[in-house]
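Below is one structure; the comments refer to it alone.
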Protein chains: 2
Amino acid sequence: MLGIVLDRNLADKIELREVSIPSLMSNQVKVKIKAAALNHRDEWCRQGLYPNISDGVILGSDGAGIIEEVGSEVTSWKVGQEVIINPALHWGEDQKAQSNDFQILGMPEHGTLSEYVIVPADRLHLKPSHLNWEEAAALPLAGLTAFRALVYQGKVTSSDQVLITGFGGGVAQFAAQFSKALGAKVYVSSSQESKIQKAIEIGLDGGFNYRDDDWTKKALNETGGFDLIIDGASGDGLNDLIKVSRPGARIVIYGATQGNPGKLEARRIFWNQLKIMGSTMGSDNDFSEMLKLVEEKEIKPLVDQVFSFENAVAAFDRMRDGKQLGKIVLKP
Amino acid sequence: MLGIVLDRNLADKIELREVSIPSLMSNQVKVKIKAAALNHRDEWCRQGLYPNISDGVILGSDGAGIIEEVGSEVTSWKVGQEVIINPALHWGEDQKAQSNDFQILGMPEHGTLSEYVIVPADRLHLKPSHLNWEEAAALPLAGLTAFRALVYQGKVTSSDQVLITGFGGGVAQFAAQFSKALGAKVYVSSSQESKIQKAIEIGLDGGFNYRDDDWTKKALNETGGFDLIIDGASGDGLNDLIKVSRPGARIVIYGATQGNPGKLEARRIFWNQLKIMGSTMGSDNDFSEMLKLVEEKEIKPLVDQVFSFENAVAAFDRMRDGKQLGKIVLKP
């Protein structure tokens with residue numbers, strides 16, 4: 001089968017090449033991929049910035065497709081069903097945190113940027129019927145991460161004023177859509193005016209350009225501060241998020257694209273009774289709950305651009321440059 | 001009446017002197033102080049490190065005594081009742097955070113290091129009958145702060161392994177006693193072996209000397225890590241607390257005696273699904289719940305040493321030098 005393989009000896013670090021199909025185990029299902037989507041993780045693997053990576057592995061965590069073959073013990077699925085894949089492997093039984101065996105599909109196991117992917121049967125869910133293949137492929141990893149950060153950790157309510165930082169990224173778009181669907185007032189931040197405009201177009205309540213020195217003051221004037229902030233950047237900007245937090249607010253961080261935060265203003269944290277909460281991916285329960293919300297509210301992922309597998313390098317470069325608004329999708 | 005007054009023109013910054021008794025308003029009660037206790041806040045006022053302080057004010061947030069006189073509209077109390085005082089003024093209606101009007105008794109209002117104190121009637125609670133005057137005076141501010149950090153924010157359960165840092169301080173002792181009473185396994189940290197010994201003597205499960213370079217490794221080996229950490233230090237030590245946290249753990253900070261934390265390891269926070277939560281003092285509801293626990297479990301505050309008002313400077317110096325284990329009490 002053809003798959004987009006990591007090979008750090010190449011100039012582009014990735015290549016579409018023939019890989020032999022692993023044999024199907026009794027609890028596994030073989031899915032013919034109709035569409036896959038990129039995550040930062042894939043680009044970080046390409047840049048060698050992800051822990052425990054190895055060459056020769058097919059990248060990709062997000063995918064949707066049609067069941068091609070089922071293992072001998074699998075009774076819950078049959079050939080021809082349309083499915084999406086939960087890329088969280090071996091989370092374990094604890095809703096609070098993942099087990100030590102936790103993995104994400106697409107490294108070290110072969111991932112979804114492939115003609116076929118083989119996964120345990122319990123990773124599959126029916127494709128939501130209101131989504132096309134590109135939209136379905138865009139959902140899993142970022143949707144799961146956003147849902148856990150927002151609902152399980154952040155406990156969003158309809159009376160919350162929410163700030164989603166770095167609008168444009170996959171998790172940020174879902175966090176914004178989910179919190180809006182749950183009735184909250186939702187603002188975004190971005191370094192690009194066009195993304196803030198897009199946020200307002202799709203019905204969010206406003207946005208702030210975090211390159212603007214004054215943005216915290218503007219945000220406080222306009223909104224009175226936020227009850228819940230969902231952030232994937234960390235870095236020194238975390239002190240700005242603390243500034244625009246209302247007393248008792250929750251700040252959920254699901255990443256650190258801006259590195260570690262420097263001097264944190266501890267007094268503001270305890271005096272204002274703030275919570276800074278970490279979140280990564282999500283449990284099987286989070287995934288099911290996320291899908292339920294997407295189906296109930298007929299939420300459609302924003303798809304930025306669709307590439308063929310042959311143009312994978314251009315797709316990865318777009319992710320690297322942060323140009324996307326919504327998910328970057330690839331099709332075999 | 002005689003009271004211990006802040007006066008930063010003096011070498012000692014405080015003095016026991018005659019202050020005129022304010023007149024009693026209709027909603028207030030006058031309490032004859034039997035015992036009062038020190039908090040870091042009092043010493044910080046002496047050092048000029050607390051915001052919005054003014055000379056001429058009687059210090060002291062903690063006190064217990066006998067009702068001497070009740071305002072004309074007060075029906076809930078009568079002369080002669082034995083009471084302790086909730087020093088949290090104007091918290092407001094929001095359990096999540098204090099209002100902008102929030103104050104702590106003892107600055108800018110006259111406090112408890114005095115022959116008499118005048119407070120609104122709703123600040124009084126009956127003295128728990130299992131406590132003597134010194135113990136009762138030791139309870140309010142630190143007990144309230146510990147209870148909110150541990151129960152409302154930290155949501156301690158009997159299956160938690162808890163670490164209380166800086167054992168010896170007032171909040172730390174109550175956090176340790178309360179979490180033990182609630183069935184948790186409780187460890188402490190301190191820079192002094194004698195305090196760790198004392199912790200074990202009173203039935204706690206162990207302790208670690210945080211001056212020991214290896215302490216995080218030892219703590220992980222011995223305990224497997226903590227589910228809940230209660231910390232009043234912040235500073236760079238916060239990264240050590242992150243290291244000894246189990247996945248999904250909560251770290252509640254109620255102070256920053258070690259200043260702001262430097263570079264925080266963001267990846268550990270989100271990957272391990274940690275929560276860093278700020279907490280200060282507590283609501284009226286927290287105070288009532290705290291008292292209920294103290295009475296039900298017959299918890300007795302640790303009293304370090306009892307001074308007369310005349311020896312206030314020695315008492316404050318002991319607080320400044322961090323020599324105490326338990327509360328420093330003063331009596332008129």
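These numbers come from a predicted model, not from an experiment. Each chain gets a letter, A, B and so on, in the order its sequence line appears, and its residues count up from 1.
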### Query
Does the side-chain contact (heavy atoms from CB on, under 4.5 Å) test come out yes or no for B:Y254 and A:W271, once each step is laid out?
CA-CA 8 Å; B:Y254 63 84; A:W271 187 253; over 6 Å; no
### Task
Begin from the C-alpha positions of B:Q153 and A:K275 and carry the test side-chain contact (heavy atoms from CB on, under 4.5 Å) through to its verdict.
CA-CA 9 Å; B:Q153 304 283 17; A:K275 295 179 176 63; 3.0 Å; yes
### Message
Is there a side-chain contact (heavy atoms from CB on, under 4.5 Å) between A:Q273 and B:D94? Walk through the geometry before answering.
### Response
CA-CA 12 Å; A:Q273 320 256 352; B:D94 188 357; over 6 Å; no
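When heavy atoms are compared at a cutoff of 4.5 Å, A:R268 does not approach chain B at all. The contact between A:I253 and chain B is made by backbone and side chain atoms together, counting heavy-atom distances below 4.5 Å. With a threshold of 4.5 angstrom between heavy atoms, A:S279 approaches chain B through its backbone and through its side chain. At a 4.5 Å heavy-atom cutoff, the contact between B:R148 and chain A is made by side-chain atoms alone.
Minimum heavy-atom separation, A:N260 to B:K263: O-NZ, 4.0 Å. The two residues A:A97 and B:G248 have their closest heavy-atom pair at CB-N, 4.0 Å.
Residue B:N100 places its CG atom among 12 or fewer non-hydrogen atoms of other residues, nucleotides or ligands, all under 6.0 Å distant. Within a 6.0 Å sphere centred on CZ of A:R211, heavy atoms belonging to other residues, nucleotides or ligands number 12 at most. Remark: A:N221 CG is packed, more than 12 non-hydrogen atoms of other residues, nucleotides or ligands lying under 6.0 Å away. Annotation: A:K217, atom NZ; neighbour count of heavy atoms from other residues, nucleotides and ligands within 6.0 Å does not exceed 12.
Between chain B and the residues A:G255, A:S234, A:P247, A:A256, the most heavy-atom pairs under 4.5 angstrom are made by A:G255. Of the listed residues A:Q98, A:R250, A:Q95, A:K96, the one with more heavy-atom pairs under 4.5 angstrom with chain B than any other is A:Q98.
With hydrogens and angles disregarded, a donor-acceptor distance shorter than 3.5 Å links the side chain of B:T280 to the backbone of A:F270.
With contacts defined as side-chain heavy-atom distances shorter than 4.5 Å, the pair B:P51/A:R267 qualifies.
In this structure, A:I276 CD1 and B:L264 CG are separated by 7.5 Å, a value rounded to the nearest 0.5 Å.
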